[in-house]
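What you see is a predicted model; the values in this text were computed from it and never measured. Within every chain, numbering begins at 1; the chains are lettered A, B, ... in the order of the sequence lines, protein sequences first and strands thereafter. Computed from heavy atoms alone, side chains included, the values below leave out hydrogens, waters and symmetry copies.
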Amino acid sequence: MLLEPTPVEIAADTIVVLDFETTGLSPDRGDRAIEIGAVKLVKGEIVESFQELMNPGMRISRFIEDYTGISNSMLTDAAPCEEVMHRFADFIGDFNLLAHNASFDRKFLDAEFARIGHSYSGSFGCSLLTSRRVFQDAPNHKLGTLVEYKQLPTEGVFHRALADAQMTAYLWLELLSDIKRRTELDTLSFEQLSKLSTVPKRQIEDYLQRLAQF
DNA sequence: TGCCAGGCCCTCTTTAGGGCCTT
């Protein structure tokens, strides 16, 4: 008889990859989220997705309309941020989280969750910091460039939350694959990968060699 | 009207400056 896995074991195998579209760069200066997209990766496969527009209670700039393709008219009928973030809180649970340039998405997640009095316990990983170390020969480390550089699956849509979250998930799997190949390891923990993103670039080869010895 | 942030990381560094990323 198989035992049901404990919640801790499930969390270790599951990552939620997320991406926000926002009114600007800084929640500290009043910017709000306008779309959240996310996919749930379980043991390297996308098993669930989440995508919702949200009404920030203000008009968005022409720049953001052009950049994202999200118009003011699209947001008029969207649910308010608070309502969407409650549903997103249920989606992410206590799973570990990942984003491309996670410091950006983290500050918007924290700001929007603070508005609804919600907190979360998952750790944040960053595909930008990791790819700067693992894919050091890439022309640059913008998400779109890395998708092209690694020939990752894409529908040609950029700067929309779900599409960017999906591409970030594929980038993460490519990073995992590359590290596994270089270390000849079968499995890598989220903690090992998070640690890697803090190792100085010049020391990455040494770090990978140390990983391979365990 | 016009402008706006911040974390990370490299180097011509650490008593600093500037490029890269995210919207």
Side-chain angles (χ1 to χ4, degrees), chain A residues 15-39 50-75 78 81 84-85 88 92 97-115 122-150 152 154 157-172 174-175 193-207:
Chain A
I15 303 171
V16 172
V17 187
L18 63 95
D19 183 71
F20 277 105
E21 303 306 317
T22 70
T23 65
L25 293 172
S26 174
D28 290 339
R29 299 185 64 86
D31 286 318
R32 300 292 306 273
I34 59 173
E35 186 182 42
I36 178 68
V39 297
F50 184 103
Q51 184 272 325
E52 282 202 55
L53 291 170
M54 54 186 120
N55 189 332
M58 66 176 85
R59 289 187 62 81
I60 61 173
S61 68
R62 179 62 184 272
F63 172 81
I64 294 297
E65 283 189 314
D66 292 342
Y67 187 78
T68 64
I70 299 169
S71 65
N72 279 290
S73 62
M74 291 166 68
L75 296 176
C81 295
V84 173
M85 292 309 296
F88 189 59
I92 70 172
L97 306 171
L98 176 78
H100 198 67
N101 198 11
S103 66
F104 174 86
D105 292 280
R106 182 178 198 162
K107 64 186 179 183
F108 275 95
L109 184 69
D110 290 350
E112 295 295 345
F113 272 169
R115 287 174 176 269
S123 298
F124 244 106
C126 180
S127 57
L128 169 64
L129 297 181
T130 307
S131 63
R132 276 180 177 159
R133 288 160 173 80
V134 176
F135 299 146
Q136 295 192 23
D137 293 335
N140 60 57
H141 297 87
K142 294 177 183 175
L143 181 59
T145 301
L146 292 167
V147 166
E148 184 176 3
Y149 177 66
K150 285 295 169 183
L152 303 177
T154 174
V157 176
F158 294 90
H159 306 307
R160 286 300 300 267
L162 181 57
D164 283 4
Q166 287 173 330
M167 289 186 289
T168 301
Y170 291 131
L171 172 61
W172 188 247
E174 186 69 19
L175 286 162
L193 289 161
S194 296
K195 174 73 189 308
L196 184 149
S197 72
T198 68
V199 173
K201 281 169 68 175
R202 294 193 192 102
Q203 297 173 19
I204 282 300
E205 287 303 329
D206 289 341
Y207 178 75

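Looking at A:H141, its side chain does come within 3.5 Å of a backbone N or O of A:F135 through a donor-acceptor pair.
Residue A:I34 is classed as having no contact, given no heavy-atom separation below 4.0 Å to the nucleic acid. As judged by a 4.0 angstrom heavy-atom cut-off over every strand, A:F108 is placed among residues making no nucleic acid contact. Note on A:S197: only backbone sugar-phosphate atoms sit closer than 4.0 angstrom, heavy atoms only; bases stay farther off. Contacts of A:N140 with the nucleic acid, taken as non-hydrogen atoms under 4.0 Å apart, involve only primed sugar atoms and P, OP1 or OP2. A:T23 comes within 4.0 angstrom of no nucleic acid atom, judged by non-hydrogen atoms across all strands. A:D19 comes within 4.0 angstrom of sugar-phosphate atoms only, judged by non-hydrogen atoms across all strands, and of no base. A:K201 comes within contact range of the sugar-phosphate backbone alone, with a heavy-atom separation under 4.0 Å but no base atom that close.
Straight-line distance between the C1' atoms of B:dC10 and B:dC4: roughly 26 Å, to the nearest whole Å. Comparing the same atom, C1', in B:dG6 and in B:dT23 gives a spacing of 13 Å after rounding to whole Å. Comparing B:dG19 with B:dT13, their C1' atoms are spaced 15 Å from each other, to the whole Å. For the C1' atoms, the distance from B:dG17 to B:dG2 is 25 Å, rounded to whole Å. Distance noted for atom C1' between B:dT14 and B:dC9: 13 Å (whole Å).
For the pair A:G24 and A:I64, the tightest heavy-atom approach, listed with the atom from each and the gap, is N-CD1, 4.4 Å.
Applying a 4.0 Å cut-off to non-hydrogen atoms, the residues of residues 158-170 of chain A that approach DNA chain B are A:H159, A:D164, listed by residue number.
On the nucleic acid side, DNA chain B has its first and last nucleotide under 4.0 Å of a heavy atom of chain A at B:dC4 to B:dT23, going 5' to 3'.
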